[in-house]
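Residue numbers run from 1 in the order of the sequence given.
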Amino acid sequence: MAVNTIESYEVNGKLYINTKFLSTYFNKSEKQVGRWKKDGLTIADKPNELIARGDFYFLDEAREWVD
């Protein structure tokens with residue numbers, strides 16, 4: 001059994017999630033999340049306070065887009 005670490009970040013009352021979080025949440029590969037991004041999945045504008053690398057998303061928007 002593998003244990004994965006996923007991260008989310010709360011900045012100014014908004015929850016930002018990364019690609020690994022989305023892939024774990026939807027039980028898809030990170031490559032699939034990349035395909036979704038190419039197909040129009042909205043990337044959140046990263047606030048200056050969020051210094052982590054990579055793309056970030058809002059879970060509610062991602063769930064709506066995937067459905």
Side-chain angles (χ1 to χ4, degrees):
M1 180 171 129
V3 176
N4 293 320
T5 300
I6 57 174
E7 298 176 351
S8 61
Y9 304 88
E10 186 270 325
V11 180
N12 298 324
K14 294 183 179 179
L15 183 66
Y16 294 83
I17 59 173
N18 60 13
T19 300
K20 187 168 189 98
F21 187 107
L22 276 183
S23 69
T24 302
Y25 183 86
F26 288 109
N27 196 29
K28 301 290 183 182
S29 69
E30 290 185 35
K31 277 188 170 186
Q32 181 61 49
V33 175
R35 287 185 206 108
W36 290 345
K37 184 174 80 170
K38 285 182 182 178
D39 290 341
L41 177 61
T42 304
I43 299 170
D45 291 330
K46 190 163 46 171
N48 293 334
E49 298 89 352
L50 185 52
I51 58 172
R53 292 183 176 189
D55 293 324
F56 288 87
Y57 311 88
F58 295 118
L59 183 57
D60 56 340
E61 289 180 11
R63 284 194 335 229
E64 188 175 307
W65 190 89
V66 169
D67 286 341

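Counting heavy-atom neighbours within 6.0 Å of D60 CG, excluding the residue itself, gives a total above 12. When the shell of 6.0 Å around CD of E64 is examined, it contains 12 or fewer heavy atoms from other residues, nucleotides or ligands. Crowding of D39 atom CG: a count of heavy atoms from other residues, nucleotides or ligands under 6.0 Å exceeding 12.
With respect to T19, the side chain to side chain contact (heavy atoms under 4.5 Å, CB included) criterion is satisfied by exactly one of T24, V33, I6, I43: V33. Each of F56, Y16, F21 was checked for a ring pair (Phe, Tyr, Trp, His ring centres under 6.0 Å) with Y9, and the lone residue meeting it is F56.
Between L22 and A62, the shortest heavy-atom distance links the atoms CD2-CB, 3.7 Å. Among all heavy-atom pairs drawn from G54 and K46, the shortest one is O-NZ, 3.5 Å. Smallest separation of non-hydrogen atoms from E7 and N18: O-OD1, 3.6 Å. Across L50 and V11, no two heavy atoms sit closer than the pair CB-CG2, 4.4 Å. Shown here for S8 and I17, the closest heavy-atom pair between the two residues is CB-CG2, 4.0 Å. Nearest heavy atom pair, residue R63 against residue Y25, reads CD-OH, 3.0 Å.
Between W36 and F26, a ring centre-to-centre spacing shorter than 6.0 Å is recorded.
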